[in-house]
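Side-chain atoms are counted along with the backbone in the values below, which use heavy atoms only and exclude waters and symmetry mates.
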Amino acid sequence: QVKLVESGGGLVQAGGSLRLSCATSARTFSRYVMGWFRQTPGKEREFVATVSLSGRSTYYADSVKGRFTISRDSANNTVYQQMNSMKPEDTAVYYCAADLAILDTANTASTQPTTYDYWGQGTQVTVSS
């Protein structure tokens, strides 16, 4: 069992920045593709970003491309998401997820929630206009 704990959410004005963190208990962190998803009430969970096993490859939803950056720190078993130029439509609960994988890739195959094996409890992000 892998435990994921998100932090860094909060309230920010439009145009501002936040940095989310996801600490994992995974002994073999390097074996997990990591992803960020978000969800608003009444809507399905939406893919935001994913990073490959090595961290060399990333893939983003079109809605956040150029504004969000996902990264991973293997020394601390943590994945981050830097969110800049934030918009009110970025308001959501953000979830971290881990997918036990073999291939060192980050692509459309990692955009489906069903791909992931473990999830965090989520952190609220609110962007005011």
Side-chain angles (χ1 to χ4, degrees):
Q1 187 74 12
V2 174
K3 184 177 180 181
L4 307 177
V5 180
E6 302 98 334
S7 62
L11 175 64
V12 64
Q13 288 189 332
S17 299
L18 279 177
R19 188 194 196 202
L20 303 182
S21 299
C22 173
T24 81
S25 66
R27 294 183 180 181
T28 53
F29 180 64
S30 62
R31 295 180 62 189
Y32 291 87
V33 168
M34 301 300 297
W36 286 99
F37 288 75
R38 64 188 182 187
Q39 190 170 23
T40 54
K43 292 190 176 181
E44 293 186 354
R45 197 161 293 189
E46 174 190 26
F47 167 76
V48 176
T50 184
V51 60
S52 66
L53 301 178
S54 67
R56 286 191 289 266
S57 296
T58 57
Y59 188 81
Y60 297 92
D62 288 342
S63 58
V64 307
K65 200 173 297 182
R67 300 188 298 120
F68 290 12
T69 302
I70 188 172
S71 62
R72 62 192 298 157
D73 180 352
S74 296
N76 293 302
N77 292 352
T78 300
V79 62
Y80 302 99
Q81 179 161 274
Q82 178 67 41
M83 305 185 294
N84 298 328
S85 303
M86 297 189 71
K87 304 175 181 180
E89 50 263 44
D90 293 324
T91 296
V93 176
Y94 282 72
Y95 296 91
C96 172
D99 169 30
L100 185 62
I102 297 175
L103 299 178
D104 187 22
T105 58
N107 52 38
T108 57
S110 299
T111 63
Q112 298 302 312
T114 53
T115 300
Y116 292 82
D117 305 296
Y118 301 101
W119 291 85
Q121 82 290 345
T123 185
Q124 176 69 46
V125 171
T126 303
V127 185
S128 63
S129 57

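Using cut-offs of 30° and 60° for the angle between ring planes, the Tyr95 and Trp119 rings count as perpendicular.
Scanning all heavy atoms of the two residues, the minimum distance from Ser110 to Thr50 falls at CB-OG1, 3.7 Å. Val51 and Thr58 make their closest contact through CG2-CG2, 4.0 Å (heavy atoms, listed as atom of the first residue, atom of the second, distance). Across Ser17 and Asn84, no two heavy atoms sit closer than the pair OG-OD1, 2.9 Å. Heavy atoms only, all atoms of each residue included: Thr78 and Ser21 are closest at CG2-CB, 4.4 Å. Minimum interatomic distance between Ala97 and Tyr116 (heavy atoms only, all atoms of both residues): CB-CD2, 3.5 Å. Listed here is the closest heavy atom pair of Pro88 and Ala14: CD-CB, 4.1 Å.
A donor and an acceptor atom, one from each side chain of Ser54 and Asp104, are located under 3.5 Å apart.
The cluster map of Ile, Leu, Val, Met, Phe, Trp and Tyr, joined by side-chain heavy atoms under 4.5 Å apart, puts Tyr118 and Tyr80 in different clusters. Cluster membership check: Tyr60 shares its hydrophobic cluster with Val79, using side-chain heavy-atom separations under 4.5 Å among Ile, Leu, Val, Met, Phe, Trp and Tyr. Residues Phe47 and Val93 are members of one and the same hydrophobic cluster, defined by side-chain heavy-atom contacts under 4.5 angstrom among Ile, Leu, Val, Met, Phe, Trp and Tyr. Put simply, Phe37 and Val64 are part of two different groups of oily side chains (I, L, V, M, F, W, Y) that touch within less than 4.5 Å, one to the next. A continuous path of ILVMFWY side-chain contacts below 4.5 Å connects Val127 to Tyr94, so both sit in one hydrophobic cluster.
More than 12 heavy-atom neighbours from other residues, nucleotides or ligands sit within 6.0 angstrom of NZ on Lys65.
Separation of atoms CE (Met86) and OG1 (Thr126) is listed at 9.0 Å; rounding is to 0.5 Å. The line from OG1 of Thr24 to CG of Asn77 is 4.5 Å long, rounded to the nearest 0.5 Å. Taking OG1 from Thr123 and CZ from Arg38, the interatomic distance works out to 14.0 Å, rounded to the nearest 0.5 Å. Taking OG1 of Thr105 as the start and CG of Asn107 as the end, the distance is 4.5 Å to the nearest 0.5 Å. We find the OG-CG distance between Ser30 and Leu53 to be 7.5 Å, quoted to the nearest 0.5 Å. Taken to the nearest 0.5 Å, the NZ atom of Lys87 stands 14.0 Å off from the OG atom of Ser129.
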### Task
Kindly indicate, with the supporting measurements, whether the criterion side chain to side chain contact (heavy atoms under 4.5 Å, CB included) is fulfilled by Val125 and Leu20.
CA-CA 9 Å; Val125 171; Leu20 303 182; 4.0 Å; yes
### Query
Would Gln81 and Val48 count as a side chain to side chain contact (heavy atoms under 4.5 Å, CB included) if you check the C-alpha gap in whole Å, the side-chain angles of each, and the deciding distance to 0.1 Å?
CA-CA 10 Å; Gln81 179 161 274; Val48 176; 3.5 Å; yes
### Task
Could you go through the side chain to side chain contact (heavy atoms under 4.5 Å, CB included) check for Val33 and Tyr59 one step at a time?
CA-CA 11 Å; Val33 168; Tyr59 188 81; over 6 Å; no
### Task
Give the C-alpha distance, both sets of side-chain angles, the deciding distance and a yes or no for side chain to side chain contact (heavy atoms under 4.5 Å, CB included) between Glu46 and Thr40.
CA-CA 9 Å; Glu46 174 190 26; Thr40 54; over 6 Å; no
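Using modelled atom types, no side-chain atom of Arg31 and backbone atom of Arg27 make a donor-acceptor pair closer than 3.5 Å. Between the side chain of Arg72 and the main chain of Gly55, no donor-acceptor pair closer than 3.5 Å is present.
Residue pairs meeting the disulfide bond (SG atoms under 2.5 Å apart) criterion with at least one partner in residues 33-78, sequence neighbours excluded, are absent. Pairs passing the disulfide bond (SG atoms under 2.5 Å apart) check and including a residue from residues 50-126, sequence neighbours excluded, read Cys22-Cys96.
Residues satisfying the ring pair (Phe, Tyr, Trp, His ring centres under 6.0 Å) criterion with Tyr32, sequence neighbours excluded, are absent altogether.
When side chains are defined from C-beta on, Gln121 counts as touching Glu6, because their heavy atoms get closer than 4.5 Å.
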